[in-house]
Structure formats: structure tokens, C-alpha cells
Amino acid sequence: MAAAHHNPGQPVTLELGGDTITAFSISALATYCLVPELNCAFDMGECPLEAVPLDRVFVTHAHGDHTRCLLRHESLRRLLDMAPATYYVPAQSLDGFMELAQAWKKLERVRDHQWRPPHFQALRPGDVVWLHKQLAAKAFRVNHTLPSLGYTLYDVRKKLKPEYHGMPGQELARLRREGVAFEDELWLPRLTFIGDSTIDTLYRERHVGQSRILFLELTYLMEDERDMARQRGHTHLDDLIQLVEERPDALQNEHIVLKHFSMRYDKRLIVNTLKSRLPKELMERVHILL
Ligand SMILES: [Zn+2]
Ligand SMILES: [Zn+2]
């Protein structure tokens, strides 16, 4: 019988300092992460019904365990008369996803005049998507075996420039009318989602360590799996330990969610291994997605 934590229909719900996130991620099976308060999701390796209302899906990379249910999400929304969602994908994968959608159209014998292509949008590292006036997602490059993006959601706030502190509201209103830029924009990293990745991403994309919440993959834990981790473009526990030893300030996150464990491990093995090997200070901020 399959282990209970191998059922993609049974996600884990985490309360992370005000954000409620529902997610599932086991290597090769499925990965998805739903953030209903922000009306978005990351990856769609499975599509539980609570994912359907979310208007934006940020796809990390094209491996099936992360994308197999993208078109299910799209077709359920159509069936329920909902407006199309937007699917953000790495630019190099756009054609492939479109061909997949066309293959389904053909298999289901949907007529041309009845068919609307799914709303895929290609993204490249550095691209920004505004979810609303105070929330932006920024894509960054991730090292894996095929084109892959990570995403950081930022709360964007305006802050008075120091030279305008104490100025009366009427004056500020006048300056606003005159088009004077008296405010700075603050980008506060709220949540970063990295799909499958080697540790190299964390050495290069240093901003991820500042994010309040960080989703990280940790596929392999055992001593004899180091080569496999490297070959398959994944992170090994030793890599993570080495990172925090070499750069103690690398991960300053309030919450670190570790996910995408290999199917070979049972739950107790994962929990015990992490507890015994990760530094205590880090472990206190770690959530194990099981
Ligand atoms: Zn994966
Ligand atoms: Zn992958």
C-alpha cells in the first residue's frame, strides 16, 4: 500500500505568519502550492478542486510532476464558466505547452471555432508580473536539468523620502499634483518558490535568503545519493548543510519549507534525518512538507 504522504490529493496546510498555504510535493509524484489569499499557485502537478478558483499559476519548469494538471485546471475553469486563468511558463517551454494543449484539443475532437488556446504567458529571468498594485512577482533563473524559473512575491510599499518627513498632508497633495516623486518604493520579499533546483541557485540568487517564506527542494538525504542528486539536478542534504556552513547568513528566512523528498523515504526517516543533521537554529525555522 502507498504511504499516506504519497497521496497528492492530500496536501498539507501551513500557517506561515499570516499566510495560509496549501501544498503537496513529493519527487516524481506531484508538486503544487496554493496561496488563496494572493489568488495564485505555483506548479500544478495535481489539481485539487481548491486550486481551480486561483487566477494565476506560476510554473517553475516543464517536468510532468510539476505541470501534468495545468490543462486540467484550465478545462475545469472552462466547464465552470470561469474566466481563463493565466499560466506563466519559462519562455523556452511555451511552444511545448501550446502543442500539448493542441494535442488534447485533437484527442477530444474539439472544433476549431469552439477552441480557445489556454492563456500561457512566457517569462524570462527578471520579468515582473503585477498581481495588484501592492504585490508583484519577479522571476529568476534556477539551475535544474531544463529551463527553470523561481518566483519571489514582493509586497510593494510606498515610503516617504527622508527629506519630506513631517511635511503636512496638503503640501504632499500639492507635490503629488505637480508630479514630484516624494516617495520611495520598497520591495519586501514575502514568499519565494523554487521548484527543482541544485544548490547553485542559492549561491547565485542571494535575494532568496531574504524572503519571509522560502520553499526549497531537498530531494535527496542519504550518503550514497550525492551523485544521483547532481546528475538529476536536485539538492542533497549535504549541499544545504555546506551552504549554511560556508555562508551563515545565506538563509535569513522566517519560514523555510522543505519539500520534494524522494519517494524512497518514509516519513519518519525524513523527519529524523533532518532533525539530526540540520543545525538547530535552522531547524527551528524549517517546516517539513509532509
Ligand atoms: Zn520534480
Ligand atoms: Zn524537475
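Both backbone and side-chain heavy atoms feed into the values below; hydrogens, waters and symmetry mates do not.
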Would you sort out whether Phe261 and Thr273 count as a side-chain contact (heavy atoms from CB on, under 4.5 Å), showing the intermediate values? CA-CA 12 Å; Phe261 300 103; Thr273 305; over 6 Å; no
Check whether the ring centres of Phe215 and Phe193 lie less than 6.0 Å apart, and answer yes or no. yes
Could you tell me which non-hydrogen atom of Pro147 sits nearest to which non-hydrogen atom of Pro90, and how far apart they are? O-CG, 3.9 Å
Please round to the nearest 0.5 Å and tell me the distance separating atom CG of Leu149 and atom CD of Gln92. 7.5 Å
Do the non-hydrogen side-chain atoms of Thr201 and Thr235 ever get within less than 4.5 Å of each other? no
Close side-chain approach of His61 to Thr145, heavy-atom, < 4.5 Å: no
Would you say Arg226's side chain and Asp238's backbone share a donor-acceptor pair under 3.5 angstrom? no
Arg247 versus Leu202, closest heavy-atom pair with distance: NH1-O, 3.6 Å
Just checking Gln170: does its CD atom have more than 12 heavy atoms from other residues, nucleotides or ligands closer to it than 6.0 angstrom? no
Search all heavy atoms of Leu160 against all heavy atoms of Tyr164 and return the closest pair with its distance. CD2-O, 3.5 Å
Around atom CZ of Arg157, are there more than 12 heavy atoms of other residues, nucleotides or ligands at under 6.0 Å? yes
Trp187 with Leu135, same ILVMFWY side-chain cluster at under 4.5 Å: no
What class does the angle between the rings of His207 and Phe140 fall in, given that below 30° is parallel, 30 to 60° is tilted and above 60° is perpendicular? perpendicular
Is there a donor-acceptor contact under 3.5 Å from the side chain of Glu254 to the main chain of Arg212? no
Look up atom CD in Gln114 and atom NZ in Lys105, then write down how far apart they are to the nearest 0.5 Å. 10.0 Å
Residue pair Glu225 / His236, side-chain donor-acceptor N/O under 3.5 Å: no
Knowing that exactly one of Trp104, Phe120, Tyr88 qualifies, which makes a ring-ring contact (aromatic ring centres under 6.0 Å, His included) with Phe97? Phe120
Beyond-backbone contact of Thr198 with Arg230, side-chain heavy atoms, under 4.5 angstrom: no
Look at the side-chain heavy atoms of Ile, Leu, Val, Met, Phe, Trp and Tyr, link any pair under 4.5 Å apart, and say whether Val12 and Ile288 land in one connected group. no
Can Leu131 and Asn39 be said to form a side-chain contact (heavy atoms from CB on, under 4.5 Å), step by step? CA-CA 8 Å; Leu131 284 83; Asn39 194 13; 6.0 Å; no
Residue pair Thr60 / Asp43, side-chain donor-acceptor N/O under 3.5 Å: yes
Between atom CG of Asn143 and atom OG of Ser148, what is the distance when rounded to the nearest 0.5 Å? 8.5 Å
Between His234 and His144, what is the ring plane arrangement, given parallel below 30°, perpendicular above 60°, and tilted in between? tilted
Provide the closest heavy-atom pair for Asn253 versus Arg285 in the form atom of the first, atom of the second, distance. O-NH1, 2.6 Å
What I'd like to find out is whether the side chain of Leu153 reaches to under 4.5 Å of the side chain of Cys40, using heavy atoms alone. yes
Answer whether the closest heavy-atom distance between the side chains of Phe182 and Met167 falls below 4.5 Å. no
Treat each ILVMFWY residue as a node, draw an edge where side-chain heavy atoms are under 4.5 Å apart, and state whether Leu251 and Ile199 are in one component. yes
To the nearest 0.5 Å, what is the distance between CG (Leu237) and CG (Leu278)? 5.5 Å
With a 6.0 Å cut-off (strictly less than), is the heavy-atom count around CZ of Arg176, excluding the residue itself, greater than 12? no
Could you report the tightest heavy-atom contact between His113 and Arg116, atom names first, then the distance? O-NH1, 4.1 Å
Output, in order, the C-alpha distance, side-chain angles, deciding distance and verdict of side-chain contact (heavy atoms from CB on, under 4.5 Å) for Arg72 and Glu46. CA-CA 9 Å; Arg72 183 187 198 182; Glu46 181 69 54; 3.0 Å; yes
Flag, side chain of Tyr32 to backbone of Pro48, donor-acceptor distance under 3.5 Å: no
Ignoring hydrogens and angles, state whether a donor on the side chain of Ser25 or His260 is under 3.5 Å from an acceptor on the partner side chain. no
Return the minimal non-hydrogen interatomic distance between His119 and Thr86, and the atom names on each side. ND1-OG1, 3.1 Å
Validation row: Leu100, Leu70 side chains within 4.5 angstrom (heavy atoms): no
Test Arg206 against Asp249 for salt bridge (Lys or Arg N to Asp or Glu O under 4.0 Å), laying out the working first. CA-CA 10 Å; Arg206 298 191 171 208; Asp249 62 347; over 6 Å; no
side-chain contact (heavy atoms from CB on, under 4.5 Å) assessment of Leu16 paired with Val257: CA-CA 10 Å; Leu16 304 174; Val257 183; 3.9 Å; yes
Should the pair Arg77-Asp55 be classified as a salt bridge under the 4.0 Å nitrogen-to-oxygen rule? yes
How many angstroms lie between atom CD1 of Ile270 and atom CG of Leu218, to the nearest 0.5 angstrom? 9.0 Å
Evaluate the side-chain proximity of Tyr87 to Met44: yes if any heavy-atom separation is below 4.5 Å, no if none is. no
Chi angles and distances behind the salt bridge (Lys or Arg N to Asp or Glu O under 4.0 Å) call for Glu185, Lys158: CA-CA 5 Å; Glu185 222 171 48; Lys158 303 270 195 211; 3.4 Å; yes
Heavy atoms, side chains only, cut-off 4.5 Å: are Val156 and Trp130 in contact? yes
Joint hydrophobic cluster, Phe58 plus Ile194, side-chain heavy atoms closer than 4.5 Å: no
Main-chain N/O of Val180 paired with Glu178 side-chain donor or acceptor, under 3.5 Å: no
Taking Lys267 for the side chain and Ala4 for the main chain, is one N or O donor matched with an acceptor at less than 3.5 Å? no
Just wondering, more than 12 heavy atoms not from Glu223 lying within 6.0 Å of its CD? no
Does CG belonging to Leu107 count more than 12 external heavy atoms closer than 6.0 Å? yes
For residues Thr22 and Thr13, is any side-chain donor paired with an opposing acceptor at under 3.5 Å? yes
Going hydrophobic residue to hydrophobic residue with side-chain gaps under 4.5 angstrom, can you get from Leu38 over to Leu14? yes
Mind checking the OH-OH spacing from Tyr220 to Tyr265? Nearest 0.5 Å is all I need. 7.0 Å
